[in-house]
K.L.:
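What follows is a single structure, and I will ask about it in a moment.
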Amino acid sequence: MTEPLLQMTGITKAFGGVPALSDAALTIHAGEVHSLVGQNGAGKSTLIKILTGVYRRDAGTVRWQGREIDLKSPREAQEAGIATIYQELTLVPQRTVIENIVLGYEPKTRFGMIDWRVAEARTRDVLSRFGIDLDPHRALGSYPTAIQQLVAIGRAASMDARLLIMDEPTSSLDEREVEVLFGVIRQLKSQGTAVIYVSHFLDELFEICDGVTILRDGRTVGAARIADLTKLDLIAAMLGRSAEDIRRAGMTELAASTTPAGGSPVIEAEGLATDRRLRRLDLSVRAGQIVGLAGLLESGRTEAARALFGMDALTAGQILLDGQPAAIASPRAAIAAGIGFLSEDRKTEGIIPDLSVRENLTLALLPRLSRMGVIDEARERSIVEHFIRALGIKTAHMDQPIRELSGGNQQKVLLGRWLAIEPRFLILDEPTRGVDVGAKREIQAIIRERVEQGCAVLLISSEFEELIEGAHDIVVMQEGRSVTRLSNPGVTEDQLIHAMAAGGAA
Amino acid sequence: QDLPPLEAKDSYKVGFAQTESNNPWRIAQTKSFQDTAATCGWELVLTDAGGSAAKQVADVDSMIAQGIDVLFLPPREESPLIPAVMRAKGAGIPTFLVDRSVDPNVAQAGRDYVSFLGSDFIDQGGRAAGWLTENFKGDKGVIIELEGTTGSSPANDRKKGFDDAIAGDSRFSIVASRSGDFARDEGRKVMETLLQAHPDVNVVYAHNDEMAIGAIQALEAAGRKPGEDVTIVSVDGTRDALQAIIDGKMGVTVESSPFFGPLACDTMKKYAAGETITPWVKVEDRIFTKENAAEHIGEAY
Amino acid sequence: MKRLFGQGHVAVWVALLALIVFGALRYDNFVSAYNLSSFLGYNSMFVLISVGMCLVIMTGGIDLSVGTVAALASVVAAQLSPHGLAVALPAGVAAGLAAGALNAGMIAGLRLPPFMATLATMLAAKGAALRLSENRAVPVDWASDFTKLGMNKIANILPWTMLIALIVVVAAWLIVQRSSLGRTVLAIGGNAEAAHLMGLKTHRAEIFVYVFSGGCAGLAGVYLASGYGAGQPLEGAGWELAAIAAVVVGGTLLTGGMGSVPATVAGALLFGVVFNLLNFENGRGTISLSAHWQSVIRGFFLLVVILLQVRLARPAAKK
Amino acid sequence: MSLRPDRQLSGLLVALAALTLLNVIITPNFLNMQTLAVNVSQVATIAIVALGMTLVIASGGIDLSVGSTMAVAGALAPIVFLSDWALANPGLGLTASILLPLIVAGLCGLFNGVLISMFGVQPIIATLILFISGRGIAQVLTNGNLQTFTNPSFTWLGTGRVFGLPVQGWIALVLTLILGWVVRRTIYGRYLLSAGGNERAAVMAGVPVARVKIATYVIAAVLAGLAGLIVVAINSASDAARIGQLMELDAIAAAVVGGAALAGGRAPILGTLLGAVFIQLMGYTLIANGISDEMTLIVTAAIIAVAVWLQRGRRA
Ligand SMILES: Nc1ncnc2c1ncn2[C@@H]1O[C@H](COP(=O)(O)OP(=O)(O)OP(=O)(O)O)[C@@H](O)[C@H]1O
Ligand SMILES: Nc1ncnc2c1ncn2[C@@H]1O[C@H](COP(=O)(O)OP(=O)(O)OP(=O)(O)O)[C@@H](O)[C@H]1O
Ligand SMILES: [Mg+2]
Ligand SMILES: [Mg+2]
């Protein structure tokens with residue numbers, strides 16, 4: 001075999017004495033699409049950040065194109081030919097799409113000034129490659145997460161790197177966009193570019209990757225050609241359990257369609273509209289029922305959730321709680337009425353970075369945890385302890401700042417925040433985003449358990465599997481309207497895709 | 001080149017470009033001009049530079065633009081206000097400097113402005129020192145000096161006048177000299193601290209009465225007896241200071257009167273009448289001691 | 001055009017225009033060559049420091065040292081004024097640049113929070129100015145050509161200093177709009193961590209804005225000495241707040257990431273006009289506003305402009 | 001609370017100990033009760049204002065108006081107790097002369113809070129409004145005159161001693177303990193840190209962000225008002241032009257040296273007290289040792305930079 005493009009060996013890194021990586025290794029060849037897998041907190045992102053100079057390693061060597069290197073900043077990494085899409089979106093939301101694409105590599109006129117015309121052309125070029133049609137002069141932050149994610153990918157892909165690193169690029173993309181992304185990856189690959197691909201969607205790995213490296217608890221426990229593995233092998237290696245255990249459990253844990261939902265409607269939306277692109281939403285969720293919300297990007301699913309949670313003022317329609325009209329004017333009011341909402345945007349709408357895991361987890365519960373404004377700390381601790389165990393949150397201790405947790409573990413804390421208030425109605429916008437396969441099933445199991453206890457759930461997901469297996473009913477949205485309601489059992493993927501796409505013409 | 005003339009008439013548009021309004025002395029001065037306006041037939045244009053010499057020049061500029069007949073200017077600083085004086089002259093507006101002067105090397109009374117009405121800060125410091133050397137009973141004077149705002153001309157001058165005069169008397173030594181920013185609170189704080197470091201102090205010279213009062217409070221809080229074991233001398237002649245003198249807590253305060261209005265009116269009228277004005281219309285500053293304090297407290301501000 | 005007047009920037013132009021019209025209608029000689037040239041001369045200092053502050057704020061930083069740095073530069077320039085403009089001007093600007101470099105070192109190098117780092121420089125520059133000047137204003141040499149800078153005007157209206165300030169403004173605007181440095185400045189303010197991860201030269205940009213701001217303050221200080229006849233160690237108190245207010249009234253967010261250089265200039269001029277109007281109002285003889293009332297009115301005026309800005313910016317923000 | 005603030009505190013404690021030791025060696029008469037009393041009385045007002053400032057900073061804001069608020073409260077108190085009504089009812093008059101200024105100060109805070117949380121005005125600018133006009137209002141109230149008085153019961157607030165130490169020192173200490181407890185143990189404290197840490201997320205978790213912010217500015221303003229009363233009481237005089245001048249910078253410096261982050265989300269109450277003490281002691285050292293005023297500025301600048309750098313250094 002030829003000299004590998006990248007060879008990392010014996011990488012060790014600890015944060016404040018707690019090891020994140022111990023003796024991790026990774027080898028990539030030119031033109032290879034290589035996957036890095038592992039549970040939440042296994043150290044994938046950390047390994048990547050060590051490679052690109054965001055963190056300094058405690059020990060270990062990095063060989064790049066045959067030479068030992070020591071990159072000190074992301075800039076150096078880029079100059080060496082490594083382009084990276086980090087797990088947390090790292091773009092500048094206030095600036096325009098064009099700027100976010102060309103920042104740092106602006107085309108210049110003869111006088112050394114930025115040539116905005118060329119920059120725009122380059123941006124359009126990148127966008128069209130991903131089939132995105134948008135106004136590149138608008139602030140990036142005004143677009144949904146998925147678009148931003150695509151822009152980040154576009155930026156990285158346009159840098160002509162030797163190695164392109166993608167840390168969970170598809171976590172907010174739907175299947176169609178994932179296909180586009182794969183097209184781009186294949187094209188890059190054919191040009192000899194290597195790709196490190198991190199994802200918790202194992203099917204994707206089998207589709208796009210050549211090789212795989214498995215991390216467990218900061219250690220590289222295996223590397224192989226992906227063709228030599230089955231999905232079960234992969235899961236077993238990640239979790240450190242035998243394949244047999246896993247087989248017995250089945251793939252998703254929602255499987256709600258098996259139990260018929262019999263309760264009365266907890267929440268009903270009648271003709272809801274907001275001036276945020278929600279045109280008309282009709283919906284009802286019964287106690288003990290999971291209703292899925294499906295739709296393409298921009299179809300307004302998030303907007304539907306925001307309206308139900310009192311975040312956007314209604315311009316038409318009304319919300320009924322237990323059959324009674326309810327005024328839900330703010331998230332605070334919604335929470336008081338027993339509604340929870342797990343946002344898809346973990347970073348800006350979820351975590352309070354400097355607060356601890358404990359403080360983050362109990363934030364929505366506080367009014368019930370305190371008397372005359374004083375928090376009952378003993379009770380708080382016991383509740384947090386319970387959820388850390390129940391959700392398998394990997395944290396040094398409950399007083400660790402949440403920003404130090406891995407992405408997936410942050411997500412679990414946030415789920416815990418909403419489960420803790422024991423909601424009657426829970427809105428989950430991409431609840432298992434960035435969560436590893438093991439944890440995903442645990443989370444799904446917990447959701448199912450809540451539903452069986454009578455909780456009503458509105459599940460927004462871009463994963464068809466999750467919707468089809470999990471939801472009793474699926475409401476399909478298009479352009480801000482709820483257009484169809486499909487009933488399980490019996491919904492097929494084709495049917496769903498058809499319903500999502502067809503309406504556009506209607 | 002001659003001074004611009006001033007025609008004699010009943011009513012004048014008069015500019016008074018105050019430097020700042022953050023201490024009782026300045027406020028009394030402004031009030032004096034306002035009170036005089038009614039009796040002297042002034043239509044007063046009042047500006048306040050908020051302690052900035054540059055803004056004071058801009059203020060004078062805007063008065064010139066408004067077409068004032070006469071300018072009364074208490075220049076915040078000696079040099080930086082020269083452009084204001086020159087521009088007023090250029091616009092044919094007779095200018096009287098009030099309470100502080102400008103750099104005589106560049107602008108001169110009788111040529112660039114009519115006259116300077118005011119007292120002599122250096123002299124004030126010197127007179128405070130003079131009283132001290134005459135009346136100090138002990139044989140060793142340990143002095144703490146509370147300076148005015150660092151870099152301001154009264155602080156510099158009052159320090160120079162006092163320090164030069166006291167240097168001639170071997171009994172005295174200044175152990176600490178420190179800014180109290182012309183304010184009571186700051187004067188008190190600085191005094192409290194210096195008193196801890198120099199417990200043997202028996203004389204305090206403050207550049208104004210407010211700081212002197214602050215020093216008295218600090219001394220009392222430390223269990224000292226101002227007036228008995230510590231002699232306090234100061235400048236200004238405020239009501240509180242006169243009261244302190246009457247109460248025996250303070251030795252002397254050299255008057256620095258803010259009541260310029262009547263003098264300004266008088267001088268301007270004379271100038272309009274064609275009289276020659278002396279380059280320096282000196283204000284006769286009194287000196288307040290136990291002998292005359294009670295008599296004058298009624299007129300103090 | 002849209003860049004110039006867009007978004008939350010409208011309020012400041014509207015207010016500026018309204019006040020000028022108001023002044024022109026209400027007072028004689030408000031729009032006279034004399035008042036105009038004096039106004040432009042005095043305010044060129046504030047335009048300069050505001051532009052420097054604008055770039056700093058775009059990165060999400062702040063520079064509290066501009067006022068005392070200008071004072072320091074004025075002292076340096078005044079002391080060197082006997083050697084003529086050709087020496088005193090660069091020396092004053094260099095003093096400003098040096099102070100800016102000190103800020104940059106603490107902020108980009110040692111990663112101190114800008115507020116505290118520039119607060120330290122603010123104190124140190126004042127101390128240095130007092131020390132150099134031995135606690136008193138330093139007269140300039142009137143015989144040299146140094147005072148020409150501050151005193152001379154083009155066509156009797158446009159002071160040289162305002163012309164220079166405008167050149168600096170245009171340069172700053174070009175840098176922000178058209179250079180990668182300028183775009184990096186905005187990116188840092190938008191999301192410093194992301195800018196770093198995107199591989200931008202964030203250090204360089206941070207150093208640049210503080211040094212630039214220091215240079216602007218230095219230039220303002222040179223003008224202070226040249227136009228007002230002395231190096232003034234005590235001048236500059238509160239200038240930083242005036243500059244911050246100008247920037248914010250110009251529609252720039254203190255959190256950084258966006259902002260407008262021209263609107264900042266308008267903001268600086270706006271506050272100048274308010275002072276000027278107050279002086280003229282006092283000259284009308286109807287009411288005489290005491291200094292106390294004047295500050296009440298200035299605060300109230302700031303409130304009105306800010307509320308106007310909030311109103312005008314709201315609909316835009318919603319979209 | 002996590003270990004982090006404690007580590008920061010220990011850095012500050014080391015710096016304080018070093019400074020104290022230095023004083024013991026070089027400053028004459030440092031080790032005596034009066035020195036302690038002087039420092040306590042001087043630090044108290046800064047500390048009280050800085051406590052409020054810490055809360056404001058924790059909410060992600062800043063309050064430039066504290067000095068003006070001090071002036072307003074300080075100007076009002078003598079007006080009240082020198083009024084005919086108060087002279088006729090000394091007891092009630094004294095109470096009113098303390099309560100009324102505090103209420104008015106609270107209204108100043110309300111004004112700031114409403115502008116910031118209801119109108120979305122940036123804190124530095126919202127509070128700049130009162131920074132500019134608040135003092136003007138105080139001066140208009142008093143016509144710019146210095147108000148001097150003798151009123152032993154009111155003056156006690158500034159000059160009284162309890163267990164040998166100035167009353168205002170005890171007030172500052174008690175307030176520190178109360179606020180420290182509030183931040184750690186009450187729902188308000190938790191909400192405050194959430195709102196300052198990530199406002200959007202806080203709103204979505206049901207935190208009444210607007211109310212929390214308004215309350216925070218009101219608390220800060222009331223504390224500033226209290227400090228204003230103390231200043232007036234110490235001096236037996238109220239000078240609207242001077243009370244609390246530059247206090248905002250001292251208070252912010254104390255908070256930041258104490259470990260507050262201007263981005264919000266952290267409220268190290270004990271650190272703030274120590275930060276204020278550090279700044280006070282530094283000033284004392286320089287004055288007592290006869291460092292000139294100009295050099296004091298330069299040395300202060302250097303020490304602030306180093307102190308903040310030490311804080312940072314420990315975080316990285
Ligand atoms: N800055 C930090 N400070 C302290 N601990 C950290 C920090 N960054 C990461 N860690 C810890 O290091 C471990 C590995 O985290 P990392 O983000 O690499 O996991 P990951 O494999 O990317 O997980 P995920 O799939 O959830 O993204 C975690 O336990 C995390 O808590
Ligand atoms: N191409 C676009 N051009 C302009 N605005 C867009 C575009 N795409 C999305 N948006 C903005 O994003 C919002 C649409 O929300 P979003 O796409 O999140 O809906 P969704 O169905 O919830 O999708 P998802 O949850 O999968 O991200 C709209 O408010 C709209 O302003
Ligand atoms: Mg990760
Ligand atoms: Mg969405």
Side-chain angles (χ1 to χ4, degrees), chain B residues 13 15-18 20-22 26-27 30-31 34 37 42-68 76-87 91 102-103 105-107 147 149-153 155-157 159 179, chain C residues 27-39 41-43 45 71 74 78 126-127 129-130 133-140 142 147 150-151 223-225 227-239 272 275-280 282-285 288-292 294-295:
Chain B
K13 193 164 185 176
F16 178 60
Q18 184 56 287
E20 61 210 335
S21 304
N22 67 355
R26 286 285 165 202
I27 288 159
T30 306
K31 189 158 178 307
Q34 281 169 322
W42 289 349
E43 190 193 311
L44 194 64
V45 183
L46 194 65
T47 60
D48 184 296
S52 159
K55 174 154 191 305
Q56 200 177 16
V57 176
D59 286 345
V60 169
D61 266 332
S62 79
M63 287 177 173
I64 296 172
Q66 290 173 59
I68 49 167
R76 190 182 148 75
E77 300 266 356
E78 275 209 333
S79 305
L81 264 298
I82 284 175
V85 171
M86 293 310 197
R87 275 180 232 174
V102 295
D103 188 349
N105 298 323
V106 188
E147 302 172 20
T149 304
T150 313
S152 68
S153 53
N156 288 333
D157 290 352
K159 179 171 178 58
S179 171
Chain C
Y27 312 111
D28 298 336
N29 295 325
F30 183 75
V31 189
S32 60
Y34 192 91
N35 193 43
L36 209 62
S37 77
S38 136
F39 173 82
Y42 178 61
N43 284 290
M45 296 189 290
S74 79
K126 184 174 180 187
L130 284 169
S133 66
E134 288 167 344
N135 284 355
R136 41 185 85 228
V138 181
V140 299
W142 289 89
T147 51
M151 304 286 178
Y223 172 49
L224 180 65
Y228 299 89
Q232 303 176 44
L234 292 185
E235 191 56 73
W239 282 19
F275 271 118
N276 204 239
L277 283 175
L278 285 171
N279 282 351
F280 271 80
N282 261 359
R284 278 187 95 232
S288 185
L289 296 166
S290 70
H292 319 320
Q294 292 192 20
S295 54

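Predicted, not measured: the structure shown is a model, and the values here were computed from it. Sequence lines set the chain letters: A, B, ... in the order given, protein chains first and strands last, and positions in each chain run from 1.
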K.L.:
Output the option from B:I64, B:N105, B:I27 having the highest count of non-hydrogen pairs under 4.5 Å with chain C.
P.N.:
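Greatest number of close heavy-atom pairs with chain C: B:I64.
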K.L.:
Select, from B:G67, B:A54, B:A65, B:A58, the one with the greatest count of heavy-atom pairs under 4.5 Å involving chain C.
P.N.:
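Heavy-atom pair counts peak at B:A54.
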K.L.:
Not counting sequence neighbours, which residues clear ring-ring contact (aromatic ring centres under 6.0 Å, His included) with C:F30? List them please.
P.N.:
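For C:F30 the ring-ring contact (aromatic ring centres under 6.0 Å, His included) partners, ignoring immediate neighbours, are C:F280.
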K.L.:
Taking atom types as modelled and ignoring hydrogens, do the side chains of B:S52 and C:E235 form a donor-acceptor contact shorter than 3.5 angstrom?
P.N.:
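Checked: B:S52/C:E235 side chains pair up, N/O donor to acceptor below 3.5 Å.
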K.L.:
Measure from the side-chain N and O atoms of C:N43 to the backbone N and O of C:F39, and report whether any donor-acceptor pair falls under 3.5 Å.
P.N.:
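Indeed, once roles are kept as given, a pair shorter than 3.5 Å links the two residues.
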K.L.:
Under a 3.5 Å threshold, yes or no: a donor from one side chain and an acceptor from the other, between B:D61 and C:Y42?
P.N.:
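Judged by distance alone, the side chains do not pair up.
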K.L.:
Please identify, among B:G51, B:G15, B:S79, B:G50, the residue contributing the most non-hydrogen atom pairs under 4.5 Å to chain C.
P.N.:
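The option with the most such pairs is B:S79.
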K.L.:
B:N156, B:T30, B:T47, B:I82: which one forms the most heavy-atom pairs within less than 4.5 Å of chain C?
P.N.:
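The option with the most such pairs is B:N156.
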K.L.:
Sort C:P139 into side chain, backbone, both or neither according to what part of it lies under 4.5 angstrom from a heavy atom of chain B.
P.N.:
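For C:P139, heavy atoms of backbone and side chain both lie under 4.5 Å from chain B.
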K.L.:
Counting only non-hydrogen atoms closer than 4.5 Å, does B:K55 touch chain C with its backbone (N, CA, C, O), its side chain (CB onward), both, or neither?
P.N.:
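Looking at B:K55, backbone and side chain both touch chain C.
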K.L.:
Provide the closest heavy-atom pair for C:G229 versus C:W142 in the form atom of the first, atom of the second, distance.
P.N.:
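In this case the closest contact between C:G229 and C:W142 is CA-CZ2, 3.6 Å.
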K.L.:
Side chain, backbone, both or neither: which part of C:N35 has an atom under 4.5 Å from a heavy atom of chain B?
P.N.:
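Answer is both: backbone and side chain atoms of C:N35 are under 4.5 Å from chain B.
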K.L.:
Does B:E78 reach the main-chain N or O of C:V138 with its side chain, forming a donor-acceptor pair under 3.5 Å?
P.N.:
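Side chain of B:E78 to backbone of C:V138, a donor-acceptor pair under 3.5 Å: no, none is there.
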